[in-house]
Amino acid sequence: MALVPVAEALERLLDGAAPLASESVSLFDAVDRVLAEQVAALRTQPPFNASAMDGYAVRAAEVASLPSKLSVIGMAPAGRGFEGTVGERQAVRIFTGAPLPEGADTIVIQENVRDLGGGEIEVIEPTAEWRNIRRIGLDFSKGDVLLEKGRLLDAAALSLAASANHPKVSVVRRPLVAIIATGDELLPPGSDLGPDQIISSNAYGVAAAAQSVGARALDLGIAADRKDAIAALVKKAVAAGADVIVTLGGASVGDHDLIHDVLTGEGMTLGFWKIAMRPGKPLMFGRLGDIRCIGLPGNPVASLVCSQLFLKPLLARLGGRDHRQDIRSARLGAAMPANDLRQDYVRSVVREDDGGLVATPFSIQDSSMLRMLADANGLIVRAPFAPASAAGDSCSVLMLR
């Protein structure tokens, strides 16, 4: 099977991927979710002309020239308005958020009033009509569309939905990713390792990548290098309602690389297998009914690079999110040799220099070296058959953070 170019592989993987069905959730559960339907106001805000300050509700004409003495005829705290009418030479003590009493058309702030005692005040600063008043509908009116479909719900959006009297919102269901690690040599972190064993680390990075675009991650653990063990975890993933099954390792062509046989045995239709990229050549993709299956390489760096390039865009699409790779122009901080037929993703440190970016590749690029990936903040993207490059030449960088 010929190696599939990266762009073509991504196109095939995303083909037919659309936002999942919607669900209704409470506002407290809606943070960082994607709206499936627009949100329109169920009420007007403010629903009445409201005082924006603590002070006195008066007639503006009576405080236009000073001195002005007024009789205080009542009080209007927030949540309980004054039921009478403000007449000539009268004022109502009012607090922020209270409805403007009938007859009044301005608020004199309390700092501009002198209490004369005996229920009388003297206004010491003039106040124009409609000052310190929030007019009815200032923020929005009933029926106004406040949030559009596809909006990512942050703090301001959720507060707005609440103020519009929505206790719940309709959001795109978060994709569920079932993660299956494979290999007799693997043990979970914290284990006492035998001489031939290593720690299973890939699942944690893949889960983090999934969660960074709003998906849920289900860790199904480690399957031994036996078809029945792998098949049992695949069945668990299907039973759990997974939208995507991610396998880690076992997708190459060795005697113990069993993922392809197991998944096809369970009914998967193969989409592609083996990508013209480095690291990540053994990547596999297929469909098991409505479930998308991605076989990631076992090498840790390859697994995480493929998660960045393929898994995250897929999950973002299923979750209704707009996800674009952050690719920038830079200059090379060191010379690089000519490339072969595979697109290369080279771990590098990217820094600002003289108003531009400089990307310096690490001298060793072994796909087992996680520490180097953790230290990198970018991947230099080198096209197939790219010629040798000198320090200072232009390059493209996929930013990681």
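Everything quoted here is computed from the prediction, not taken from an experiment. Count residues from 1 along the sequence.
- Residue Asp326 qualifies as enclosed at atom CG: its count of foreign heavy atoms under 6.0 Å is above 12.
- For Asp139, the side-chain hydrogen bond (donor to acceptor under 3.5 Å, both in side chains) criterion is met by no residue, not counting sequence neighbours.
- Here CD1 of Ile179 is found 8.5 Å from CG of Leu220. Values are rounded to the nearest 0.5 Å.
- The nearest pair of heavy atoms linking Phe285 to Arg12 is CE2-O, 4.0 Å.
- Under the 3.5 Å distance criterion, with hydrogens and angles disregarded, no donor-acceptor pair is assigned to the side chains of Gln90 and Glu62.
- Counted by atom type alone, Gln110 and Arg93 present one or more donor-acceptor pairs between their side chains at under 3.5 Å.
- Two residues are said to be in side-chain contact when any heavy atoms from C-beta on lie closer than 4.5 Å; Phe272 and Leu283 meet this criterion.
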Q: Under the side-chain contact (heavy atoms from CB on, under 4.5 Å) rule, what do Lys142 and Arg43 come out as? Steps first, then yes or no, please.
A: CA-CA 4 Å; Lys142 185 176 179 179; Arg43 59 185 291 274; 5.6 Å; no
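- Counting heavy atoms from C-beta on, the side chains of Phe362 and Val346 never come closer than 4.5 Å.
- A donor-acceptor distance shorter than 3.5 angstrom exists from the side chain of Asp243 to the backbone of Leu176, with no hydrogens or angles considered.
- Asn339 contributes a side-chain N or O that, together with a main-chain N or O of Ala383, makes up a donor-acceptor pair within less than 3.5 Å.
- Counting heavy atoms of neighbouring residues, nucleotides and ligands inside a 6.0 Å radius, atom CZ of Arg324 does not exceed 12 of them.
- The backbone N or O of Pro387 lies less than 3.5 Å from a partner atom in the side chain of Arg382, making a donor-acceptor pair.
- Within 6.0 Å of the CD atom in Glu88, the count of heavy atoms belonging to other residues, nucleotides or ligands does not exceed 12.
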(Q) Apply side-chain contact (heavy atoms from CB on, under 4.5 Å) to residues Tyr56 and Leu70 and explain how you reach the verdict. (A) CA-CA 10 Å; Tyr56 294 84; Leu70 305 173; over 6 Å; no
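- Nearest heavy-atom pair, Leu332 versus Cys395, reported as atom, atom and distance to 0.1 Å: CD2-SG, 3.7 Å.
- Atom CD1 of Ile259 and atom OG1 of Thr182 lie 4.5 Å apart (nearest 0.5 Å).
- The residues Asp344 and Arg342 are annotated as not salt-bridged, no charged nitrogen and carboxylate oxygen being separated by less than 4.0 angstrom.
- Looking only at side-chain heavy atoms (C-beta outward), Ile294 and Leu314 come within less than 4.5 Å of each other.
- No donor-acceptor pair closer than 3.5 Å links the side chain of Ser159 to the backbone N or O of Ala156.
- Of all heavy-atom pairs between Pro279 and Ser367, the closest is CB-CB, 3.9 Å.
- Within 6.0 Å of CD on Glu8 lie more than 12 heavy atoms contributed by other residues, nucleotides or ligands.
- The side-chain heavy atoms of Arg331 and Asp353, taken from C-beta on, include a pair separated by under 4.5 Å.
- The nearest pair of heavy atoms linking Ala30 to Leu158 is CB-CD2, 3.7 Å.
- At least one donor-acceptor pair under 3.5 Å links the side chain of Ser212 to the backbone N or O of Ala209.
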Side-chain donor-acceptor pairs of residues 190-202 under 3.5 Å, sequence neighbours excluded:
{"unit_1": "Ser191", "atom_1": "OG", "unit_2": "Pro188", "atom_2": "O", "d": "2.6"}
{"unit_1": "Gln197", "atom_1": "OE1", "unit_2": "Gly194", "atom_2": "N", "d": "2.8"}
{"unit_1": "Asn202", "atom_1": "ND2", "unit_2": "Gly298", "atom_2": "O", "d": "2.9"}

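- With Asp144 contributing its side chain and Ser141 its backbone, the two residues share a donor-acceptor pair below 3.5 Å.
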Q: Apply the test side-chain contact (heavy atoms from CB on, under 4.5 Å) to residues Thr106 and Val58: give CA-CA distance (whole Å), side-chain angles for both, the deciding distance (0.1 Å), then the verdict.
A: CA-CA 6 Å; Thr106 194; Val58 302; 3.5 Å; yes
Q: Evaluate the salt bridge (Lys or Arg N to Asp or Glu O under 4.0 Å) criterion for residues Arg321 and Asp32: first the C-alpha distance (whole Å), next the side-chain angles of each, then the deciding distance (0.1 Å), finally the verdict.
A: CA-CA 10 Å; Arg321 294 172 182 250; Asp32 204 36; 3.5 Å; yes
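- Proximity of a side-chain donor or acceptor of Arg33 to a complementary backbone N or O of Val172 within less than 3.5 Å is detected.
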**Q.** Test log, rule salt bridge (Lys or Arg N to Asp or Glu O under 4.0 Å), inputs Arg174 and Glu23
**A.** CA-CA 9 Å; Arg174 297 170 61 199; Glu23 59 183 357; over 6 Å; no
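- Classified by interplanar angle (parallel below 30°, tilted 30° to 60°, perpendicular above 60°), the ring pair Trp273/His260 is parallel.
- Atom CG of Leu400 and atom CZ of Arg347 lie 10.5 Å apart (nearest 0.5 Å).
- With a 6.0 Å radius and a threshold of 12 heavy atoms from other residues, nucleotides or ligands, Arg287 has its CZ atom above the threshold.
- Between Leu341 and Phe385 the shortest side-chain heavy-atom distance falls below 4.5 Å.
- In this structure, the side chains of Phe82 and Ile73 come closer than 4.5 Å at one or more pairs of heavy atoms.
- Note: Thr247 OG1 to Met284 CE = 5.0 Å, rounded to the nearest 0.5 Å.
- When side chains are defined from C-beta on, Arg226 does not count as touching Asp184, because their heavy atoms never get closer than 4.5 Å.
- Other residues, nucleotides and ligands contribute only 12 or fewer heavy atoms inside 6.0 Å of the CD atom of Glu102.
- With contacts defined as side-chain heavy-atom distances shorter than 4.5 Å, the pair Pro19/Val34 does not qualify.
- Between Pro77 and Ala98, the shortest heavy-atom distance links the atoms O-CB, 3.5 Å.
- Gln325 contributes a side-chain N or O that, together with a main-chain N or O of Gln308, makes up a donor-acceptor pair within less than 3.5 Å.
- Atom CD1 of Ile180 sits about 7.5 Å away from atom CG of Leu263, to the nearest 0.5 Å.
- Note that the NZ atom of Lys69 and the CG atom of Leu116 stand 6.0 Å from one another [nearest 0.5 Å].
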Q: Take Ile327 and Leu398, measure what side-chain contact (heavy atoms from CB on, under 4.5 Å) needs, and give me the verdict at the end.
A: CA-CA 4 Å; Ile327 298 180; Leu398 171 58; 4.0 Å; yes
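- Every residue meeting the side-chain contact (heavy atoms from CB on, under 4.5 Å) condition with Leu357, not counting sequence neighbours, appears here in chain and number order: Arg328, Ala330, Val350, Glu352.
- The backbone N or O of Ile109 lies less than 3.5 Å from no partner atom in the side chain of Asn112, so there is not a single donor-acceptor pair.
- In this structure, Ser71 contributes its side chain and Glu120 its backbone to no donor-acceptor pair below 3.5 Å.
- Side chains of Asn299 and Ser368: no donor on one and acceptor on the other come within 3.5 Å.
- Contact between Thr96 and Met53 at its shortest, heavy atoms only, is OG1-C, 3.3 Å.
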